[in-house]
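Accompanying notes for the structure given below.
When a residue number appears, it is its place in the shown sequence, counting from 1.
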Amino acid sequence: MGFVDLHVHSNASDGTFSPSQVVELAKNAGLDAFALTDHDTTAGVPEALEKGRDLNIEVIPGIEVSSSFDGTEIHILGLFVNSDDPVLAAMLEKMRISRDRRNEKMLGNLAADGISFTKEEICGDNPDTIITRAHIAHALVAKGICSGMDQAFKKYLQYGGRYCPQKEHLSPEEVVKTLISNGAFVALAHPFQYKFGDKKTEELIAHMADLGMKGLEVYHSSNNKLESMKLQEMAVRHHLLPTGGSDFHGGNKPDISIGTGRGGLRVSSLLLEDIKRERAKQALS
């Protein structure tokens, strides 16, 4: 039995390694496959697929799309996305415009207090990256304004705080509908990170399942064993397939390694086989 990692980021969003470098890391980690799931973009997918063919490792084209439930940001994973889909592209362009507006406000608020950055300081070595709070946090640390990423988020980048206005979100309905029409396998990412508590977390999962979601990220670097067990039980109750991944971001989350998370994460390749069977069954129905 082999292992996979179905939640990985590159510098196409807020990771610090290029898509090709991420493929090399996955290969070196001995993974059978991994999914590139950058935030609100599939820009890194073509490069990763090409490198995956070169290194003989399966690269699953994916995405992690931002949405909102009861006023809290949530993340929705799409695995096996068609990155050439114009409907998906239109949704992501709408999200990009909204994100750009929020970033302009955030950087303007910081500049008003004497904290300003060049584009290079924000984007690093990928000028086309999707700019997230992690980019700005990294720039705050690099400039010596904050001692670490955690301090940057807590002091400057709290949602709804002085410097970080709330982001506009698409509804879960629109995101799930778009991903399903794209042919992607849809799963809710890291459910316990939203701090809803068990009851409301299950309400969210039930709502997403009613929308057509087929998967649940049961295994994640942020989970302890009890949380993963609870999510496994919720997946069974709502007829969802378990998925899992490290949420690797390179240097932006230096304690998380691809394939193993914080050391104890191992996602069986059997989970990926179940997902593939589900997709094949849906294609025939």
What is the distance from atom [atom1] of [X] to atom [atom2] of [Y], rounded to the nearest 0.5 Å?
X    : Y    : atom1 : atom2 : value
T37  : I60  : OG1   : CD1   : 10.0 Å
N182 : K177 : CG    : NZ    : 14.0 Å
L231 : F192 : CG    : CZ    : 4.5 Å
S228 : N223 : OG    : CG    : 4.0 Å
I76  : S67  : CD1   : OG    : 4.5 Å
I131 : D100 : CD1   : CG    : 7.0 Å

Student check: side-chain heavy atoms of [X] and [Y] closer than 4.5 Å:
X    : Y    : value
V176 : S171 : no
P172 : I74  : yes
L272 : L79  : no
R102 : K105 : no
L271 : Y219 : yes
I63  : L77  : no
R279 : K214 : no
E174 : K94  : yes

What do you reckon, is CG of N56 surrounded by more than 12 foreign heavy atoms closer than 6.0 Å? no
Around atom NE2 of H249, are there more than 12 heavy atoms of other residues, nucleotides or ligands at under 6.0 Å? yes
Residues [X] and [Y] bridged, charged N to O under 4.0 Å:
X    : Y    : result
K51  : D54  : no
E58  : K276 : yes
E203 : K200 : no
E278 : K281 : yes
R99  : D40  : yes

For [X] against [Y], the heavy-atom pair lying closest together:
X    : Y    : value
I256 : S221 : CG2-OG, 3.8 Å
I122 : H135 : O-CD2, 3.4 Å
F17  : G251 : CE1-N, 4.4 Å
S66  : E73  : OG-OE2, 3.9 Å
L240 : G215 : CD2-N, 3.9 Å
P61  : L49  : CD-CD2, 4.3 Å

Would you confirm whether [X], through its side chain, and [Y], through its main-chain N or O, come within 3.5 Å as a donor-acceptor pair?
X    : Y    : value
D5   : S246 : yes
T260 : L265 : no
E104 : R101 : no
S98  : M95  : no
Q151 : S147 : yes
T42  : V45  : no

Quick one: do the [X] and [Y] side chains pair a donor with an acceptor below 3.5 Å?
X    : Y    : value
E173 : H207 : yes
D38  : S10  : yes
E202 : H238 : yes

Tell me, with the steps shown, if V65 and M91 meet side-chain contact (heavy atoms from CB on, under 4.5 Å). CA-CA 10 Å; V65 183; M91 182 184 77; 4.1 Å; yes
Go through it in stages, so that I can follow the logic: the residues are F117 and L140, the test is side-chain contact (heavy atoms from CB on, under 4.5 Å), and I'd like the CA-CA distance, side-chain angles, deciding distance and then a yes or no. CA-CA 9 Å; F117 303 101; L140 286 165; 3.7 Å; yes
Among the clusters formed by ILVMFWY side chains lying less than 4.5 Å apart, do [X] and [Y] turn up in the same one?
X    : Y    : answer
V8   : I57  : yes
I205 : M208 : yes
L36  : L6   : no
V236 : M213 : no
V23  : F80  : no

Applying salt bridge (charged side-chain N to carboxylate O under 4.0 Å, His left out), run through K27 and E24 and close with a yes or a no. CA-CA 5 Å; K27 180 70 174 183; E24 292 172 352; over 6 Å; no
Quick check with a 6.0 Å cut-off and a 45 degree axis cone: is R133 positioned over the face of Y159's six-membered ring? yes
Given H190, which of E64, H220, E217, E227 fulfils the side-chain hydrogen bond (donor to acceptor under 3.5 Å, both in side chains) condition? E64
Please report the C-alpha distance between F3 and V267 in whole Å, then the side-chain angles of each, then the deciding distance to 0.1 Å, and finally whether the side-chain contact (heavy atoms from CB on, under 4.5 Å) criterion is met. CA-CA 5 Å; F3 298 97; V267 179; 5.8 Å; no
Would you check, one step at a time, whether the test ring-ring contact (aromatic ring centres under 6.0 Å, His included) holds for Y156 with Y163? CA-CA 6 Å; Y156 292 97; Y163 298 103; 5.4 Å; yes
For E47 and E50: C-alpha separation, side-chain torsions, deciding distance, then whether side-chain contact (heavy atoms from CB on, under 4.5 Å) applies. CA-CA 5 Å; E47 179 185 331; E50 182 177 356; 5.9 Å; no
